[in-house]
Novice: 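Have a look at this one.
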Amino acid sequence: MNVFKNFFDKHGLIVGGYLIFAVSFWILILILLPQLNMLDFSFRFNLPPSKVGGPEDVYTASNYTFLMGRYNHEDVWVWNSTDLTVFYRTILAAVFVTFFDLLLCYPIAYFLAQVARGGFARLLVLSLVVPFWVNEILRAFAFRILFGDVGVINATLKSMGIIDDSIDFIREDIALYAGLGYAYILLMIFPIYNAIESLDKNQIEAARDLGSPWWRIHWRVVIPFAKPGITSGCTMVFMLSAGALAAPQILGGPSSLWFTQLIYQWFNTGGNWPRGSAYAIILLASCIIFVLLMMRLFKVKLGEIGR
Amino acid sequence: MSAGVGVDLKDVWIRFGEFVAVREANVAIEGGEFFSFLGPSGCGKTTILRAVSGFLDPSEGTISIGGANMAGIGPNKRPTALIFQNLALFPLMTVWENIAFAMEVQGAGKKERRRRADELLELIALPGQGEKMVSELSGGQRQRVAIARALCAQPDVLLLDEPLSALDLKLRQHMRSELRAIQRQVGITFIYITHDQGEALTMSDHVAVMKAGVIEQISDGQTIYDDPSTAFVASFVGENNAFAGKVSAISKNQATIDTSVGKLRGRIATAARGTINKGDEAMIFVRPEAVSMSGTGTSNKIKARVRTEEFEGAVYNVFLNTESGEAVKLSAVNQGGARAGSPGTEMTLSFNAAQAVVLPRGELASE
Ligand SMILES: Nc1ncnc2c1ncn2[C@@H]1O[C@H](COP(=O)(O)OP(=O)(O)OP(=O)(O)O)[C@@H](O)[C@H]1O
Ligand SMILES: [Mg+2]
C-alpha cells in the first residue's frame, strides 16, 4: 500500500489515477483477456452455436494433438506431416530472415551510430524510414513487381547477359524472404543503433591503438556492447516474421504455406476457431521458447533487452 | 637516457578546415625521457597527441618516431600506446582481459596472456585483482589498469592524455610519483599532456608550453619557471606579478622599466636578450615568493596596502593593492612569527632585480 501512496504522492491523484487506468486497460483488456479467451477456446470442441454450453461442451486437447497427427479409422497413427512441415519451415524461414536482417542491419546501424554525422546521418535515417510510410500490402505488391517474371531485377540481369531465362523468384521464395527481411529492417536497425550510439568512440580507438584489426574491434568491443540491442532486434524480427501474414499471402510461392496462413484458414475458410486458436498458441509458445533458448545460448539476460 | 625511441615533429601544422589547431610545431623528444605538453584547455594538446598516435594526419610537416617517418602508418601499426583522457577501458572485459588485449590481438595463447597480465598487475600494485570487472575498481585503480593495458602492448612511446585530471588531489599527487616510478622502471619515452603546471614541472624532463596552437617554449621545468621566454609562459606557469611599462634603461643583462608603480629593475630573460631596446613596451614579472615585506635592500620598492591574507599552512599568501590599483600577491614561509597584519595596513614591498624577469610585452594567460 505504501507503494501506491508514494505513487499518488508523486504524480497526484488525477495523473496517477489515469496512469493506473491506462496501464491496466492496456494489459488487461488489450493483452491478457483476448489471449486468455483464445487459450480457453483452443481447448474446446468446434461445436455449432446451439450446443455451446451443452453437455458436449467439454475441454479437450485434441486441437493441439491435431497438429501432431491422429488415429485414422483403422486406428493407425498418422502424422500430420503437411502441417508439421509448414510449421518447421516457417520457423526455419523466420530464423533465416532474422539472420539475414542482422547481417544487413548491423553494418548500417554501426555506420549510422559511429561514422556518419550531422545532416548526412539524418538524410540516411530519413531514407530508411520514408519507404515505411507506404502501406505494408502495397510494399509487398511492389516487391512482387520487382521480383516478377518481367520485373526490374529479371530485366536487368537479362540485359547484362548474366541469365538467359527469367528466374522465378516467387516460386523459389526469394521474393518472400526479401519482402519479409525488408519489412522489419527498421526494427533491427534502431535497437542496434541505439546500443552502438552509446558506445564511447574512444573505446574503438583504444582497441585500434592497441593494434587490433577492424574485425576484432567489432568482435571484442562493439558486438558485446551492442548485444542487448542485437537481441531485442532479433527477437522482434523473428517474432514478427514468424507471425507475418500479408507478405506470405502476397509474395509466397504457390507451393509454400506460411504457418500463419494455416491459422488464417482454420479461422476463416475452415470455420474451426478452436483449432485456429490452438495453432496460434502453439506458434506463440514455440516462438517464445525458441527465443528464450537462443538467449540462453548467447548468454543474454531478459532484463538487458529493455535497456 | 638516449636508450629509448625518440619522437620528432618537424614544421607540423594541423588544420580543421579554416581553423588552425597546431601551428608550425617543432619538437624533438629524446628517447626514454618524460616529456610534457602543458597548456590551457583547447590549445591543441590532444590534437598533437592524436597526430603522434596516428588518429589524424598533420596537414603539413612530418612526424617521425625512432627516426622513421610515420606518414601513412595507421594507429594500430605505430609503436605508440595512448592512454585516453577518459581511459576508455573495455567495460565488458575483466581487468586481466583488458590488460592483455594487445597480446590477444597478437594471437598469444590464454595462459601466456594471463601470466603477462599478472606480471603487469604486480607492477601497478594490484595483484590478484585480474578477475574483477573494471566497474568494480576505484578511479585510481582504473587509472593504473589503463597504464598496464598500454604497457602490455610494449610500446616504444607511451602517450598520456591528462590521465590524472579526473582524480582527487591526494590521489593525483600519489599517481604522479607512481607514474614517474613506472616510467623509470620500464625506461620508455612518455609523452604527457596536462593543463596542470604543477604536474608538468614535477614529473617531466622537458616541458613544452603551448598557447592557442603555438608552442611558446620547450625546456626543462626549472628553466621554464625561472627563465620564461614569453609573457604567456611567465604568467601561465606558476604565479607571477606582472607590471607593464616602457624600457627606460638597459645595462648588461638588466633592464629598468617605467611602470605605474615606479621604476622597476629586472633581469632580461634569455630569450629576450638583444631584442629588447630602450623605449620598447615591456613587462616585468616577479614571483610572489620573491617579494619581501622588509622594504629594504634593493631599489625595487612598491608601496602597497593589504587587502586580504590567506593562510595555507606551510606558506601564507598576502594580497595587496598598489596605490595605482594593481593587485600584488606575496607568499612567505610560515615561521610562526608575525604576519602582514590586518587589511588596510600600508607597507613597502621590495624584491631583488635578479629575481625579476623582463620580457617583451605580450598576452598574459587568463585565469
Ligand atoms: N575534429 C575536430 N574538428 C574541428 N575542430 C577540432 C577538432 N578537434 C579539435 N578541434 C579544435 O582544436 C582545438 C584544440 O583542441 P584539443 O582537443 O587539441 O584541445 P586540448 O588542448 O586537448 O584541450 P583540453 O585541455 O580541453 O583537452 C580546439 O579549439 C578544438 O575545438
Ligand atoms: Mg585534450
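Residue numbering restarts at 1 for every chain, and letters A, B, ... go by the order of the sequence lines.
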Novice: Between R78(B), E104(B), E97(B), who has the most heavy-atom pairs with chain A when the cutoff is under 4.5 Å?
Specialist: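 Most heavy-atom pairs under 4.5 Å with chain A: E104(B).
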
Novice: Can F90(B) and R220(A) be said to form a side-chain contact (heavy atoms from CB on, under 4.5 Å), step by step?
Specialist: CA-CA 9 Å; F90(B) 306 126; R220(A) 290 290 274 148; over 6 Å; no

Novice: For atom CZ of F132(A), decide whether the heavy atoms of other residues, nucleotides or ligands shown that lie under 6.0 angstrom number more than 12.
Specialist: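 Atom CZ in F132(A) is crowded, with more than 12 foreign heavy atoms closer than 6.0 Å.
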
Novice: Just verifying a value: how many Å separate Q203(A) CD and N86(B) CG, rounded to the nearest 0.5 Å?
Specialist: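 If we round to the nearest 0.5 Å, Q203(A):CD and N86(B):CG are 8.0 Å apart.
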
Novice: Roughly how far apart are M103(B) CE and L210(A) CG, rounded to 0.5 Å?
Specialist: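 Output value for this atom pair is 12.5 Å.
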
Novice: Other residues, nucleotides and ligands only: do more than 12 of their heavy atoms fall within 6.0 Å of CD on Q154(B)?
Specialist: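 Incorrect, the count does not exceed 12.
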
Novice: Under 6.0 Å from the CZ atom of R15(B), do we count more than 12 heavy atoms belonging to anything else shown?
Specialist: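 Atom CZ in R15(B) is crowded, with more than 12 foreign heavy atoms closer than 6.0 Å.
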
Novice: Looking at CG of N202(A) and CZ of F84(B), how far apart are the two atoms once the value is rounded to the nearest 0.5 Å?
Specialist: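 Atom-to-atom, N202(A):CG and F84(B):CZ are 5.0 Å apart.
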
Novice: Quick check on A102(B) against chain A: is it the side chain, the backbone, both or neither that has a heavy atom closer than 4.5 Å?
Specialist: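 Interface part for A102(B): both.
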
Novice: Against chain A, label R149(B) side chain, backbone, both or neither, depending on which of its atoms sit under 4.5 Å from a heavy atom there.
Specialist: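 Both the backbone and the side chain of R149(B) come within 4.5 Å of chain A.
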
Novice: Only pairs of heavy atoms separated by less than 4.5 Å count here; which of A81(B), G74(B), A153(B) has the most with chain A?
Specialist: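 The residue among A81(B), G74(B), A153(B) with the greatest pair count is A81(B).
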
Novice: Quick check on I83(B) against chain A: is it the side chain, the backbone, both or neither that has a heavy atom closer than 4.5 Å?
Specialist: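 Neither the backbone nor the side chain of I83(B) comes within 4.5 Å of chain A.
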
Novice: Search all heavy atoms of E205(A) against all heavy atoms of F55(B) and return the closest pair with its distance.
Specialist: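 Heavy-atom minimum between the residues: O-CZ, 3.2 Å.
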
Novice: Pick one of side chain, backbone, both or neither for L92(B), based on which atoms fall under 4.5 Å of a heavy atom in chain A.
Specialist: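 Looking at L92(B), just its side chain touches chain A.
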
Novice: So, D209(A) and N76(B): side-chain donor and acceptor under 3.5 Å apart, yes or no?
Specialist: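 No, no side-chain donor-acceptor contact under 3.5 Å.
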
Novice: Is atom NE2 of H218(A) surrounded by more than 12 heavy atoms (other residues, nucleotides or ligands) closer than 6.0 Å?
Specialist: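 Yes, because the 6.0 Å sphere around NE2 of H218(A) holds more than 12 heavy atoms from other groups.
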
Novice: Looking only at heavy atoms, which two atoms of V221(A) and M93(B) are closest? And how far apart?
Specialist: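 Heavy-atom minimum between the residues: CG2-CE, 4.4 Å.
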
Novice: CZ of F100(A): more than 12 outside heavy atoms within 6.0 angstrom?
Specialist: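 Count not over threshold, so no.
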
Novice: Is it the side chain or the backbone of Q85(B) that comes within 4.5 Å of chain A heavy atoms, both, or neither?
Specialist: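 Contact with chain A is absent: no heavy atom of Q85(B) under 4.5 Å.
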
Novice: Tell me, out of P224(A), P213(A), A206(A), who's got the most heavy-atom pairs with chain B below 4.5 Å.
Specialist: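 Most pairs with chain B among the choices: A206(A).
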
Novice: Quick check on K77(B): does its NZ atom have over 12 non-hydrogen neighbours (other residues, nucleotides or ligands) under 6.0 Å away?
Specialist: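 Not buried by this count: 12 neighbours or fewer within 6.0 Å.
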
